[in-house]
Amino acid sequence: MKTLLLVIGTIVLAACNTEPSSSAAEQEPASDASSTTAVDGGEQESTASAAGEEGETESPRTEETRDREAPHLEPAFSGQTRAPIPENTENWSLETVAEGLEHPWAIEFLPDGSMLVTERPGRLRHITPDGSVSDPLAGVPEVDNRKQGGLLDVAIAPDFESSRTVFLSFSEPHDDGTNNTALARARLSDDQTALEDVEVIFSQEPAVESTGHYGSRIVFQDDDTLWLTMGDRQGHPVRQNAQDPTNHIGTVVRLNVDGSVPQDNPFVDHEENAAEIWSWGHRNIQAAVMDADSQLWTIEHGPRGGDELNLTQAGKNYGWPTISYGIEYRGGDVYEGRTEAEGMEQPVYFWDPVIAPSGMDFYTGDAFEAWQGDLFVGGLREQRVSRLILENNRVTGEEWLSIGARVRDVKTGPDGAIYLVTDQPDGGVMRIVPEDR
């Protein structure tokens, strides 16, 4: 039955794949951001106050005030969506660091403060702290750059200073027209102009005929192991394989840095489930980061009204497409319209309407005292960054930082600024800095 499902999915995906790309994000028009924009911050006024003789209190103010797309799908607990605006924030400005990049997808800092930035069509650039952009580096693997596919995430190994090892995720093409998410490792040349000794160490199985939902964030757990996120490959019936942990569709995998399987993975001794799998039941994870307690947090593009933040733990099922807080983009419930099921995890938080999330980082710099430890999430559709305050693994506050461009990745810089890459035909690298800088 599983084999039949995979075959059916590969054959009919093109005909069935009618939902917009990545929470409608890929079809949203981009707007140009000015080189420097000042944004008012300061303390936000708290609106909770006594009301009337009964002593009732007003609901706290939230950034999101629009009607929900799926109002009939009630949250499982208080605070699972629309957290209140935080009382404290910062004054900030937006600066342009580098321009002229074609759909940049990811940013990674090197020890000297310079950056590696991927462009989705298949180019890797080296960018200096002052914004000088190199020619494309040689040695990048061939990618399938149709629609959402291409060269995606980039990460350096924890021992980069001695090994110069770089990891890339990308959509890997095949002669039969199928593709998959893949992970390659290579050595960055001493002059930073090329990748050497390039080796693909992991390929998602099965490969399918699709141009969407690759997932593709790389997160190191420690010096020896990493996580790679993957998508459901977009559309019925292929997405149903996200509930089948014998394959890699809609999963997070955990690998050793050489591509082998860690012996403490949850399914390493299972007779059928894929030994690489860390978690499954995901739709399209394009944001992932590890917190100070070594916990993996992921954010996935949901259906219409169902983008979600998850604390992503070993051996757990996150429900897609059996449960969701969103509806189909064409309208109607996702299958039975369920939000809970036995053995399936609840999201810590969800957005309705969606923000089309991509890229996130816990702020660890010293330029913004009030933001220390908060989670900053890129938004494609809404062209903003969402600041989330987490307490005891729950979201207790959300603030929006308007960017005016599609934010594809977010990273704390060595100078304490928050760096962004903007996913546009003429995109670039920007940074959020203190307003009085």
Write down the atom of P141, the atom of A184, and the distance for their closest heavy-atom approach.
-> CG-CB, 4.2 Å

May I ask you to check whether F376 and F362 place their ring centres under 6.0 Å from each other?
-> no

Between T412 and D361: side-chain donor-acceptor atoms closer than 3.5 Å = yes

Strictly by modelled atom types, are E345 and N317 linked by a side-chain donor-acceptor pair under 3.5 Å?
-> no

Would you say the side-chain atoms of N310 and T312 include a donor-acceptor pair closer than 3.5 Å?
-> no

May I ask you to decide if the ring planes of H282 and Y318 are parallel, tilted or perpendicular, using 30° and 60° as cut-offs?
-> parallel

Within 45° of the six-membered ring axis of W320 and under 6.0 Å from that ring's centre, is NZ or CZ of R283 located there?
-> yes

Are R384 and W400 in a cation-pi setup, meaning NZ or CZ lies under 6.0 angstrom from the ring centre and within 45 degrees of the ring axis?
-> yes

Side chains of S210 and H213: donor-acceptor distance under 3.5 Å anywhere?
-> no

Please check if the distance between the ring centroids of W105 and Y214 is under 6.0 Å.
-> no

Distance-only donor-acceptor check, side chains E69 and W351, under 3.5 Å = no

Considering only heavy atoms from C-beta outward, does the side chain of I218 approach that of W227 to under 4.5 Å?
-> no

Residues, nucleotides or ligands: over 12 heavy atoms within 6.0 Å of D67 CG = no

Please state whether the rings of F220 and F167 are parallel, tilted or perpendicular, taking 30° and 60° as the class boundaries.
-> perpendicular

Is the count of non-hydrogen atoms from other residues, nucleotides or ligands lying under 6.0 Å from E161 atom CD greater than 12?
-> no

Using a distance-only test with no angle check, is there a side-chain donor-acceptor pair under 3.5 angstrom linking E276 and H248?
-> yes

Report yes or no: do Q221 and R254 form a side-chain donor-acceptor pair below 3.5 Å?
-> yes

Return yes if a side-chain donor-acceptor contact under 3.5 Å exists between N179 and R233, otherwise no.
-> yes

Backbone of A98 reached by a side-chain donor or acceptor of T96 within 3.5 Å = no

Pi-cation contact, F77 with R394 (under 6.0 Å, within 45°) | yes

Residues that T322 engages under side chain to side chain donor-acceptor pair (under 3.5 Å), provided they are two or more places apart = none

Which pair of non-hydrogen atoms, one from S203 and one from N180, has the smallest distance, and what is that distance?
-> CB-ND2, 3.7 Å

What residues, two or more places apart in sequence or in another chain, satisfy side chain to side chain donor-acceptor pair (under 3.5 Å) together with W371?
-> T89

